[in-house]
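Working notes, beginning with the structure itself.
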Amino acid sequence: MVLKIFFPQCCNKADSGLLVGHWLPGQDSAVVLAVIHYPFIPGQVKQYIHQVGCVGVGWKNEEAGGEGKTKEEKTGEEGDKVIFVHYEQRKVMLSQLHPTDPPVPLTQSTSELRQVFGTVSQSESLFFLDKYDDSPVKLTHWQSEGREGSIIVELMKQASTPVCLLTAWILVVCSLSVSVSRILNVFPLRFISSKLCSCVQLSYRTEHLQTVSSPTRATSHTDYMRKANIFMSFLLDVTLGLLLIYWLYRENRVGQLANALLPAADRVAKELEELLQWLMGAPAGLKMNRALDQVLGRFFLYHIHLWISYIHLMSPFIEMILWYVGLSACLGLTFALSLLSDIIALLTFHIYCFYVYGARLYCLKVYGLTSLWRLFRGRKWNVLRQRVDSCSYDMDQLFIGTLLFTILLFLLPTTALYYLVFTLLRMVVVMVQGVLQLTVDFINSFPLFALGLRVFRSYTLAEGVKFSVLCEEPGTPLHLMMDINPLKFSSVVQTYRTATYSCYPKDSWLALCKKLFLGELIYPWRHKTTKID
Amino acid sequence: MDMLLLMGADSGLGTGPGPAVPWRKVLWERQPFPDNYVDHRFLEELRRNEGLRQYRYWAVVREAGLVAQQISCVALFLTLWLYMEQGLLSPSTLLWSGLLCALLGYGFYQALGPQGDSDSQQRTRWSDLQSASIFLSFTFGFSPVLRTLTESVSTDTVYAMTALMLLAHLVSFPYAQPSPPGSLSLNAALFASVCLASRLPGDHRASRGLNSSSPSSLHTFTMLCWALLVFALWPCLRQRLRECAPQGFGCVCLLMGLSGVGGLGSIWPGGAVLLAAVLGAVTLLCPLLLIRLQSDKDNIHGPWDEAEIREDLARFLR
C-alpha cells in the first residue's frame with residue numbers, strides 16, 4: 001500500500017514539532033497543514049485540534065534547523081511505501097480547481113486532488129494563529145513568512161460598501177421613474193423599446209449594475225468572478241465611451257458628420273432610383289412584363305420621393321440631435337454602438353418597407369400559384385385531413401382558375417426579380433446591424449477580470465497539477481514537487497463569459513433558404529430573452 | 001439446352017408415402033403428406049387468357065373514331081387561329097358566328113335532352129345563364145392583361161408550350177365519359193389557347209368592331225370564346241347526340257373530320273395531308289393492329305401450386 005503525504009514547502013525549514021493535518025479517507029493520503037512547535041501541553045493541543053476541526057496525526061517531525069532528513073514513523077504500519085508530495089501552501093489555498101461546478105461538500109467520491117485543494121482552502125481557521133502570537137499553541141504555516149497587504153486594497157474594501165449602497169439607491173430611483181412614465185403609454189412604448197437596441201442595452205446594463213452593487217458579499221467563486229467581470233467590463237465600456245467623446249468633439253467632428261449625413265442620404269436615394277429605372281428597363285437582358293414593371297417601378301419611385309422629402313424636412317435639426325446623441329456615449333461605448341445601430345435602422349426604413357411589399361406580393365403569388373396548380377390537375381387541398389385530394393370542379397371554376405393560373409405564371413419572373421433585389425438590399429442592412437450587435441455583445445461578455453487573473457496570478461485558476469521528481473533514491477521515500485497547471489486561455493474565456501442577450505441566427509441555413517423561396521418575412525437575428533448560464 | 005423440370009412433389013415413381021388417405025388441397029388439416037405436396041392434379045386449375053375479349057373490327061373502329069374526332073377538333077381550332085393570325089378573318093365576324101353557334105348548340109342540347117319538369121328546366125337555364133355571363137365578363141375583363149402576357153417570351157417557346165399543352169389535352173381527355181370534360185384536359189386546352197391568343201397580331205387600323213375595346217383585345221376575346229366552345233361545350237353536345245340520336249352522330253363525326261382536314265388544307269396543304277394520314281391511322285390502322293396482336297396474348301391466371309425442383313442444379317455450377 002502506497003501512502004501519500006502532502007507536505008507544505010513552508011514547513012521544510014521549520015523547527016521540529018508535531019504535524020497536524022487531515023487524513024483523506026479512502027485515498028490513503030494525508031494533507032499536512034501546519035507544524036505545532038515544542039514545547040506544548042498535549043492536552044491543550046488536543047483541545048485546539050478538536051476546536052479547529054483537524055485530525056491530528058501523531059507524527060514526529062525530527063528536524064534540526066535546515067533541510068534535514070525527516071524520519072517518519074507512522075505508528076502501526078511499517079514497511080509501506082511512502083511518497084512525499086511537496087506543495088506551495090499559499091498558492092494551493094488561493095487557487096480554485098476547475099471545473100468549479102460540483103458543490104463544495106467533499107465526499108469520498110470526489111477526486112483526490114479536489115479533496116486536497118478543498119482541505120487546504122477550508123482550513124482558514126487554522127491559519128489565524130502564528131508562531132509569533134502569544135498563545136499556548138505556536139504554529140508554522142504559509143502565513144508565517146509574512147502576510148501580504150496593501151493600503152490601497154484595504155481602503156477600497158472599506159469604501160466599497162457605502163459606494164455600493166449609493167449606487168443601488170440611485171438605480172432604484174431611476175427604475176422607479178422609468179416605470180412610472182411607462183405606465184402612461186403602455187403598448188406603443190413597450191413595443192418600440194423592445195425593438196430598439198439602445199433601450200435593450202440600457203436595461204441590460206442596469207441589471208448588471210444591480211448585480212454589482214448589491215451589498216451582500218459574493219458567496220461562491222463563480223459569483224465573485226461574475227461580479228468582478230461585470231465591473232471590469234463596465235469600466236472598460238465607460239473608458240472607451242469617454243475616449244470616443246473626446247475624439248468626436250475635439251475638432252467639431254460632430255458638425256462635420258451632420259453635414260455629411262444629408263448628402264449621403266440623398267446619394268442613397270439617387271442610387272435606389274437608378275436601380276429602379278434599370279429594373280423597369282430590361283435588367284440583365286431578362287424580359288419582363290412591361291405593364292407590371294411600370295406599375296411596380298412607379299410605386300417604389302413615389303415612395304423614395306416621399307422619403308427624401310422627409311429627410312429634407314428634418315435637416316435643420318440633425319446637427320443638434322447628433323450632438324446630444326454623441327454625448328450619450330459617456331454611458332458606455334456599447335450604448336453608443338447600439339444607438340448607431342438604431343439610427344441605421346431608422347435611416348433605412350424605406351428599404352425595409354420595400355422589402356415587406358415585395359415579399360408580400362411574391363408570397364401571395366407563390367401561394368396562388370401552388371393552389372391553382374392543384375386546380376389545374378384537378379386536385380384540392382383537404383384542410384381537414386391535411387393532404388391533397390382529388391376534386392371535381394365546376395366548369396366556371398375550372399375556366400377562371402386556368403385563366404388566373406396563366407396570368408400568375410407569366411407574371412412570376414417580374415415579381416420574383418423585384419423581390420430578389422429588395423431582399424438583397426435588406427440583407428445588407430441586416431448584416432451591418434448584425435456586425436454592430438456582435439461588437440456590443442463582445443464588449444458585454446468578455447471576461448476581462450478573469451483574463452487578468454490568468455495573466456498575473458495564474459495559480460488562482462487551476463486546471464490540474466503537474467509533478468516533478470525532487471529526490472529519488474532507493475531506500476528513501478520518493479519526493480515529488482506538485483506545481484499548479486493554470487487553466488488554458490480558451491477555457492478561461494469560455495467558463496467566465498458573462499451571459500448576454502446575444503443575438504444569433506434564428507434559423508438554420510436550410511430553413512432560411514426555404515423561407516426566402518416561399519417569400520416569408522425574415523427576421524434573421526433573434527435576441528435571447530432569458531439568460532442562459 | 002437443359003430444361004429444369006418443375007414437378008409436383010409426388011412425381012417420381014413410387015416415392016412418397018403410400019396414400020391410405022387421399023390427399024386434399026387444404027392446409028388446415030394434418031395430413032400425412034408434406035406441406036408442399038401436390039398429387040397428379042398439379043397446376044390443374046391454371047387458366048390461360050381468362051376473360052379475353054374478342055374484338056370486332058368495326059366496333060373498335062367506331063370507338064377509335066372518338067379519338068379521331070378530338071384530333072379534328074384541335075385541328076379546327078388551329079385553323080381558326082391561323083385564319084385570324086393571317087388576317088383572313090376579322091375577329092368580330094368570328095365572334096358573332098361563335099355566339100350564334102353557341103345558341104344553336106344550346107338549343108339542340110335542350111331539344112335532345114330528357115324532358116324533365118319545367119321547374120327544374122327553368123333553374124338549369126338560369127344557372128346556365130349565370131355561368132355564361134361569368135365566362136363572358138371574366139374573359140372580357142382579362143383580355144387586355146392576357147394580350148401582353150407573353151410579349152417578352154420568344155415565339156418558339158410559345159409554340160412549344162402550346163404543342164405540349166394540346167398533346168396533354170389529347171392524352172388526358174376522358175374518352176369514355178366526356179360529358180363533364182376532365183380537369184387536366186380542359187385546363188391544358190385553355191392554357192394552350194391563351195398562349196396562342198397572346199400571339200395574335202395587334203390591329204393597327206381603326207377598329208370596325210362593335211365596341212370601343214382595342215382590336216387586339218377583341219382578338220384575344222374571340223379566341224378564348226371559341227376555345228371554350230370547341231373544348232368545353234362541344235364534347236357535351238356530342239355526347240348528348242350520341243346518346244339520343246346515333247345516326248346523326250355518325251354523320252356529325254364524318255363532317256367534323258372532313259371540315260378539319262379541309263380547313264387545314266385551305267391554308268397549309270401539307271398539314272392537311274398529315275392530318276388525313278393521322279386520322280386514317282387512328283381510325284382504321286390501329287384497330288387492325290389491336291385485333292392482330294390479340295392473338296399473341298398469353299396471360300396465365302389461376303391458383304398457384306408449390307413446385308419442387310428435382311433437377312440436379314450442380315450442372316450450372318460447372
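Side-chain atoms are counted along with the backbone in the values below, which use heavy atoms only and exclude waters and symmetry mates. Below, chains carry the letters A, B, ... as their sequence lines are ordered, and counting in each starts from 1.
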Looking at side-chain heavy atoms only, is the closest gap between [X] and [Y] below 4.5 Å?
{"X": "A/Met395", "Y": "B/Leu186", "answer": "yes"}
{"X": "A/Phe399", "Y": "B/Ile134", "answer": "no"}
{"X": "B/Val194", "Y": "A/Thr402", "answer": "no"}

More than 12 heavy atoms of other residues, nucleotides or ligands under 6.0 Å from [atom1] of [X]: yes or no?
{"X": "B/Tyr83", "atom1": "OH", "answer": "yes"}
{"X": "B/Arg125", "atom1": "CZ", "answer": "yes"}
{"X": "A/Arg290", "atom1": "CZ", "answer": "no"}
{"X": "A/Arg385", "atom1": "CZ", "answer": "no"}
{"X": "A/His312", "atom1": "NE2", "answer": "yes"}
{"X": "A/Phe349", "atom1": "CZ", "answer": "no"}
{"X": "B/Tyr106", "atom1": "OH", "answer": "yes"}

By a 4.5 Å heavy-atom criterion (distance strictly below it), what part of B/Phe142 contacts chain A: side chain, backbone, both, or neither?
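Side chain of B/Phe142 only, per the 4.5 Å heavy-atom cut-off to chain A.
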Rounded distance (nearest 0.5 Å) linking atom [atom1] of [X] with atom [atom2] of [Y]:
{"X": "B/Leu146", "Y": "A/Leu403", "atom1": "CG", "atom2": "CG", "answer": "6.0 Å"}
{"X": "B/Ser183", "Y": "A/Phe376", "atom1": "OG", "atom2": "CZ", "answer": "10.0 Å"}
{"X": "A/Ile400", "Y": "B/Ser137", "atom1": "CD1", "atom2": "OG", "answer": "7.5 Å"}

Chain B heavy atoms under 4.5 Å from A/Leu375: which part of the residue, side chain, backbone, both or neither?
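Both the backbone and the side chain of A/Leu375 come within 4.5 Å of chain B.
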Check the pair A/Thr406 / B/Leu190 against side-chain contact (heavy atoms from CB on, under 4.5 Å), numbers first and verdict last.
CA-CA 9 Å; A/Thr406 322; B/Leu190 286 176; over 6 Å; no
Specify whether A/Phe410 and B/Phe191 have parallel, tilted or perpendicular ring planes, treating 30° as the upper limit for parallel and 60° as the lower limit for perpendicular.
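Rings of A/Phe410 and B/Phe191: parallel, under 30°.
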